[in-house]
Amino acid sequence: MTVVATRSICEEVISAAPWHAGTVWHVALVCEATSGGGGGEGTRSGRKKPPPPPLQERVPLGRRAAWAWRLAGLAVLLLLLALLALRLLRHHGGAGGDGGVWRVALVCEAWFAALCALNVSAKWSPVRFVTRPENLMAEGRTPSTTAAEYGELPAVDMLVTTADPALEPPLVTVNTVLSLLALDYPRAGERLACYVSDDGCSPLTCHALREAAGFAAAWVPFCRRYGVAVRAPFRYFSSSSSPESGGPADRKFLDDWTFMKDEYDKLVRRIKNTDERSLLRHGGGEFFAEFLNVERRNHPTIVKTRVSAVMTNAPIMLNMDCDMFVNNPQAVLHAMCLLLGFDDEASSGFVQAPQRFYDALKDDPFGNQMECFFKRFISGVQGVQGAFYAGTGCFHRRKAVYGVPPNFNGAEREDTIGSSSYKELHTRFGNSEELNESARNIIWDLSSKPMVDISSRIEVAKAVSACNYDIGTCWGQEVGWVYGSLTEDMLTGQRIHAMGWRSVLMVTEPPAFMGSAPIGGPACLTQFKRWATGQSEIIISRNNPILATMFKRLKFRQCLAYLIVLGWPLRAPFELCYGLLGPYCILTNQSFLPKASEDGFSIPLALFISYNTYNFM
């Protein structure tokens, strides 16, 4: 379906891919609209051009502040080691108390000391990066600092995933897609493509996206014309009351605002008032035919990256959960500063934005915002090999997802039948000629012809998105998102790091993306259980980061950082046992810590004060 509106063309391509007992369908929305140019050719005079302005700046923590944090962490670690030494000395001196209590306390305290040592290592070299998106398009400054100095800005394929129309209503997915289509980017209509993968096989979601295509034709120009900051309609219209008119320009904006608000309200009603049965019966003939008689839950939930490869094949991919919308319209420009701003591509295999949530509970009682994790822990890991992949809000180099090491320079670039490179492509990527051709272009940085007619690739997209396409290939192991864990994001990021890539945390103001978080205890516990299960699967499998350090290119300190996160579920039994020692000793008239009148009492007292002060800070 093609909808033509003022200065905007929205093209919707919908394809259905049958799986063993279900269907996974993909929707591609490509919105073309006029926007700022991508930079001119620059001066062609004979004189030497000055270097282009920097796109990013590495900013280490101040020397005094950095050493203050290091010394604080070392102080806690030394006190833990002193407590262990005291316990051993008291035991050998016969003052250690009951043998069982002593052993439990010793094991727990040794575990705490090991975790503290890992944390000190991970946080030792804190770094943050400041982005300069204005330098990507500096035509207004001097002719020598145009975006052409950095070459053409790359295209971006934006992948949105959803799985359950009940837990993830179609209207939520629609708002995420609309916010993506309205991003600020030079020649966005040619360089940005949005794909929605619905693993729940919902005709309601498909219908909602069809309706959103028409609304986008007016919404995208409105956002860019008036510089709308938050481009998810449900947040924009809920946070802003009807503006007051103060002049001709304001009256024009008021008229446009009122029109867009009315159109969005109509869109919401059309989506909410649609019934699935009537939609399948009268919603468009053959359009929804493939949704009939399918079992939604009788197939695995696997993220495909392959469909975009045979359509637009952008070198950069952004993956988003359906409930996380764009909160900063320049998010892609900030990401490009980090993807293009290093001398070596190995420094930015992927760019991860911190997870931030709207309408969160006061004081964040369940820790969903993970403030300390991103501000202290990840800033420290930035100084090693980079941020972890968090599963959403992440910009990937497609070649890194394809399992290509950084700075790859293939000795053989032949693509003729019978060549080793041709056979290797078939082994890694499967038997689709179109997919292999697109992979070859990505791996060897070859230019590919722009896709003029995306609809011509629908049948190919159906073929490569079938779940049996993985059989006999490297998908899910060395290529794409890695299978084998409920936390496939952590596992995929680790695989990319193990190939030698680094990653970067993208901190912007306002935050690049905003999402919704669980607001109840049971929902949070369900999420925590999923994380704990997935991390345990990685620890006890061949994907253990220790093996990646021994046999691949994962750095030792990065391995230690992964062990802290992956070992998170293992902390529970040690903390529970240590917490129960006090009540147990009271009931049995024993003691597992020195009394106030005994030598060594100052060690646990100092540890208690310093540890809690450190965590409070």
**OP:** Give the minimum heavy-atom separation between C116 and V76, together with the two atoms involved.
**Re:** SG-CG1, 3.9 Å
**OP:** May I ask you to check whether Y402 and F408 place their ring centres under 6.0 Å from each other?
**Re:** no
Original post:
Ignoring hydrogens and geometry, is there a side-chain-to-backbone donor-acceptor pair from Q330 to D184 under 3.5 Å?
Top reply: no
Original post:
Taking the side chain from R557 and the backbone from S121, do they hold a donor-acceptor pair closer than 3.5 Å?
Top reply: yes
Original post:
Given the rule in the side chain to side chain contact (heavy atoms under 4.5 Å, CB included) test, do S197 and V160 qualify, once you have shown the distances and angles that lead to the verdict?
Top reply: CA-CA 6 Å; S197 174; V160 180; over 6 Å; no
Original post:
How many angstroms lie between atom CG of L339 and atom NE2 of H334, to the nearest 0.5 angstrom?
Top reply: 13.0 Å
Original post:
Is there a side-chain contact between Y483 and E488 (heavy atoms, below 4.5 Å)?
Top reply: no
Original post:
Can you find a side-chain donor-acceptor pair between E168 and T162 that sits under 3.5 Å?
Top reply: yes
**OP:** Determine the sole option in N319, T487, L491 for which the side-chain contact (heavy atoms from CB on, under 4.5 Å) test with Y389 is passed.
**Re:** N319
Original post:
Only one of R397, R553, K399 clears side-chain contact (heavy atoms from CB on, under 4.5 Å) with P406; which?
Top reply: R553
Subject >> Residues in ring pair (Phe, Tyr, Trp, His ring centres under 6.0 Å) contact with F342, at least two apart in sequence or another chain >> reply: F129
Subject >> Short side-chain to backbone donor-acceptor contact, S503 and A387, under 3.5 Å >> reply: yes
Original post:
What distance separates F592 CZ from R87 CZ, expressed to the nearest 0.5 Å?
Top reply: 7.0 Å
Original post:
Is the closest side-chain heavy-atom distance between L178 and R231 below 4.5 Å?
Top reply: no
Original post:
Which heavy-atom pair separates N407 from A346 by the least distance, and what is that distance?
Top reply: ND2-CB, 4.1 Å
Subject >> Test side chain to side chain contact (heavy atoms under 4.5 Å, CB included) applied to M320 and F513, step by step >> reply: CA-CA 9 Å; M320 297 277 289; F513 308 106; 3.5 Å; yes
Original post:
For the side chain of N543 and the backbone of I538, is there at least one donor-acceptor N/O pair under 3.5 Å apart?
Top reply: no
Subject >> Which atom of V104 lies closest to which atom of C577, heavy atoms considered >> reply: CG1-CB, 4.3 Å
**OP:** Walk me through it: do Y611 and L79 pass the test side chain to side chain contact (heavy atoms under 4.5 Å, CB included)?
**Re:** CA-CA 9 Å; Y611 177 78; L79 286 171; over 6 Å; no
**OP:** Give me the ring orientation class for W481 and H396: parallel if the planes are under 30° apart, tilted from 30 to 60°, perpendicular past 60°.
**Re:** perpendicular
Original post:
Does E109 reach the side chain of F574, with side-chain heavy atoms less than 4.5 Å apart?
Top reply: no
**OP:** Would you mind reporting whether M514 and V326 have side-chain heavy atoms less than 4.5 Å apart?
**Re:** no
Subject >> D364 atom CG, over 12 foreign heavy atoms within 6.0 Å >> reply: yes
**OP:** List in chain and number order the residues that pass side chain to side chain donor-acceptor pair (under 3.5 Å) with T533, two or more places apart in sequence or in another chain; answer none if no residue qualifies.
**Re:** none
**OP:** For the residue pair W531 and F528, categorise the inter-ring angle as parallel (less than 30°), tilted (30 to 60°) or perpendicular (more than 60°).
**Re:** tilted
Original post:
Could you walk me through whether K555 and T549 pass the side chain to side chain contact (heavy atoms under 4.5 Å, CB included) check?
Top reply: CA-CA 6 Å; K555 292 186 177 181; T549 298; over 6 Å; no
Subject >> Flag, side chain of Q558 to backbone of G386, donor-acceptor distance under 3.5 Å >> reply: yes
Original post:
Quick one: does Q527's side chain get under 4.5 Å of F366's, heavy atoms only?
Top reply: no
**OP:** Give the ring-plane orientation class for F350 versus H497, where under 30° counts as parallel, over 60° as perpendicular and anything between as tilted.
**Re:** tilted
Original post:
Would the number of heavy atoms belonging to other residues, nucleotides or ligands and lying under 6.0 Å from NZ of K552 be above 12?
Top reply: no
**OP:** For residues I609 and T613, determine if any side-chain heavy atom of one lies less than 4.5 Å from a side-chain heavy atom of the other.
**Re:** yes
Original post:
Under 6.0 Å from the CZ atom of F556, do we count more than 12 heavy atoms belonging to anything else shown?
Top reply: no
Original post:
Are R495 and E478 within salt-bridge range, i.e. N to O under 4.0 Å?
Top reply: no
Original post:
Say you draw a straight line from CG of L159 to CG of D157; how long is it, rounded to the nearest 0.5 Å?
Top reply: 6.5 Å
Subject >> Student check: side-chain heavy atoms of P154 and M336 closer than 4.5 Å >> reply: yes
Original post:
Taking the side chain as C-beta and beyond, is there a heavy-atom pair between F377 and I564 under 4.5 Å?
Top reply: yes
Subject >> R376, CZ: over 12 other non-hydrogen atoms inside 6.0 angstrom >> reply: yes
Subject >> Quiz item: cation-pi between R70 and W124, 6.0 Å / 45° >> reply: yes
Subject >> Distance flag, aromatic centroids of F234 and F325, threshold under 6.0 Å >> reply: yes
Original post:
Charged N to carboxylate O below 4.0 Å: is that the case for R502 and D344?
Top reply: no
**OP:** Anything under 30° is parallel, anything over 60° is perpendicular, the rest tilted; go ahead and classify F112 against Y578.
**Re:** perpendicular
